[in-house]
Visitor: 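Encoded as structure tokens, here's the structure I'll be asking about.
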Protein chains: 2
Amino acid sequence: MDAWTEVLQDTGMDPRLGRDTSNCSIARTLEVVGEKWTILILREVWYGSSRFSDFERVLGCPRNLLATRLRMLVEEGILATETYKEPGARSRPKYVITPKGMDLVPAVMGLLQWGDRYRADPEGPAVVARHRECGAHVDVQLRCESGHPVQAKDIESVPGPAFRMRSAG
Amino acid sequence: MDAWTEVLQDTGMDPRLGRDTSNCSIARTLEVVGEKWTILILREVWYGSSRFSDFERVLGCPRNLLATRLRMLVEEGILATETYKEPGARSRPKYVITPKGMDLVPAVMGLLQWGDRYRADPEGPAVVARHRECGAHVDVQLRCESGHPVQAKDIESVPGPAFRMRSAG
DNA sequence: CGTCTGAGTATCTAAAAGTAAACTCAAGTG
DNA sequence: CACTTGAGTTTACTTTTAGATACTCAGACG
């Protein structure tokens, strides 16, 4: 009997299929970064872009969507606005990443890593991430609390504290 | 002078903004898993669902989209079909994850982890990942090749072997 | 005071997603 | 041999996103 079957063994219902899926951190994260362009905007921020025109130019994304996405990322606290001033021009806003935005790096590095492995350009990656201190390549890894590297196949998902079943209907 | 500025110092053009973005592993991964429902389907596979009706029921996703997404995931080699047979019923297809699909776990765990941190249900997560062997909680971490834990802010992105500028136009 | 520029809005069209229900198909059952 | 079931497909309609262009707005400059 697995961890799921233990949960509600009294009902005949499989808890995986009858569970309430409204409390899901994956779905909630996707509400914030799951729209088209959002993750690519963050990519450009990490690569060094900060101005509206930078994003527009390098992404080729429609201006109205860009404005909407940037506004949302600021509202969510993933980006913040500062001002910059080119000599002879007036002050204009620019976008910088916040610590909350930095915490999305592992997720996006995960996407990057998968693409590097399975859909790479024959010449290799166009951009690589490296550790500022030692210059070594950086990647994402699964680790358990005790610090051991873990392979995806050795992970099991189990009901957490907020697990609940869907109400009948 | 940073690693970007070194690349094409002869032109006055900022290589971040003039670069060719068509070779991007993040964008390519999003082509496969960036559509609505796709990542949520994978979530359900990890939680133990495998049948068409399982996904339909637990996700509440339209059948036509579900069929389209499943077909694409199989074409991409992220899921594979096997057959199952309930007693007294004929054989039917089910969907199982492949090693290539397993390699998406770090990316999705990254999303999960961010959601757990910033958009958590007050009661906590509904589902948690744990190491099958030791039972400890599993998370994703950034590490450099030398094995040291790395913080997102200590990473820099630098041009890789396939870096190139957009052709003028 | 007219012009230029970066940072947006506004508006309109096109594509994709959501919703709902009917239809197909093949094997197993009464 | 009609009936059921899981796994889809097809069709029809609505709503939501995406994309392309045109327009606005606030200084700085001449």
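So that the names make sense, note that chain A is the first sequence line, chain B the second, and so on, each numbered from 1.
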Visitor: I need the OH-P distance between Tyr84(B) and dT5(D), as an integer number of Å.
Guide: 13 Å

Visitor: Does Arg92(B) make a side-chain donor-acceptor contact with the base of dT5(D), cut-off 3.5 Å?
Guide: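 By the distance-only test, yes, there is a pair.
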
Visitor: Base, sugar-phosphate, or nothing: which does Phe55(B) touch, judged by heavy atoms less than 4.0 Å apart?
Guide: nothing

Visitor: Please give, in whole Å, the distance from dT16(D) P to Met72(A) CE?
Guide: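 Whole-Å distance recorded here is 17 Å.
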
Visitor: In this structure, how many angstroms lie between the P atom of dA7(C) and the NZ atom of Lys94(A), rounded?
Guide: 12 Å

Visitor: Do the side chain of Arg90(B) and the base of dG28(C) come within less than 3.5 angstrom through a donor-acceptor pair of N or O atoms?
Guide: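 Donor-acceptor pair under 3.5 Å: no.
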
Visitor: Please state whether the phosphate of dG6(C), meaning OP1 or OP2, lies under 4.0 angstrom from any side-chain nitrogen or oxygen of Ser53(A).
Guide: no

Visitor: Which atoms form the tightest heavy-atom contact between Ile155(A) and Ala129(B), and what is the distance?
Guide: CG2-CB, 3.7 Å

Visitor: By nearest nucleotide on DNA chain D, pick out whichever of Cys61(A) and Ala67(B) is the more 5' one.
Guide: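 Of the two residues, Ala67(B) wins.
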
Visitor: Nearest heavy atom decides the nucleotide; on that basis, is Arg63(B) or Lys36(A) closer to the 5' end of DNA chain D?
Guide: Arg63(B)

Visitor: Out of curiosity, does Val45(B) fall in the hydrophobic cluster containing Leu104(B) (side-chain heavy atoms, cut-off under 4.5 Å, transitive links)?
Guide: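 Yes: a chain of side-chain contacts under 4.5 Å links Leu104(B) to Val45(B).
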
Visitor: Please determine if a side-chain N or O atom of Arg71(A) lies less than 4.0 Å away from the OP1 or OP2 oxygen of dT9(C).
Guide: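 Arg71(A) to dT9(C) OP1/OP2: side-chain N or O found under 4.0 Å.
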
Visitor: Confirm from the modelled atom types if Asn64(B) and dG8(D) form a donor-acceptor pair under 3.5 Å, side chain to base only.
Guide: no

Visitor: Looking across every strand, which nucleic acid part, if any, lies under 4.0 Å from Arg57(B) by heavy atom: base, sugar-phosphate, or nothing?
Guide: nothing

Visitor: Looking at Tyr95(A), I'd like to know whether one of its side-chain N or O atoms comes within less than 4.0 Å of OP1 or OP2 on dG6(C).
Guide: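 Looking at the OP1 and OP2 atoms of dG6(C), neither is under 4.0 Å from any side-chain N or O of Tyr95(A).
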
Visitor: For residues Gln151(B) and Leu142(B), determine if any side-chain heavy atom of one lies less than 4.5 Å from a side-chain heavy atom of the other.
Guide: no

Visitor: Can you tell me the distance, in whole Å, between the NZ atom of Lys85(B) and the C1' atom of dA27(C)?
Guide: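 So the two atoms are 9 Å apart, to the nearest Å.
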
Visitor: Just how far, in rounded Å, is C1' of dA28(D) from CD of Glu86(A)?
Guide: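 After rounding, the reported distance stands at 13 Å.
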
Visitor: Atom CZ of Arg51(B) and atom C1' of dT5(D): how far apart are they, to the nearest Å?
Guide: 12 Å

Visitor: Any side-chain N or O of Trp37(A) under 4.0 Å from OP1/OP2 of dG19(D)?
Guide: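 Checking Trp37(A) against dG19(D): at least one side-chain N or O falls below 4.0 Å of OP1 or OP2.
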
Visitor: Where is the tightest heavy-atom contact between Arg164(A) and Ser22(A), given as atom of each residue plus distance?
Guide: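 What the structure gives for the nearest pair is NH2-OG, 4.5 Å.
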
Visitor: Let me know the distance between CD of Glu56(A) and P of dG8(C), rounded to the nearest Å.
Guide: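 So the two atoms are 11 Å apart, to the nearest Å.
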
Visitor: When the distance from CG of Leu65(B) to C1' of dT17(D) is rounded to whole Å, what number comes out?
Guide: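 My rounded result for the distance is 14 Å.
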
Visitor: Between Trp4(A) and Tyr47(B), how do the two ring planes meet: parallel, tilted or perpendicular, split at 30° and 60°?
Guide: tilted

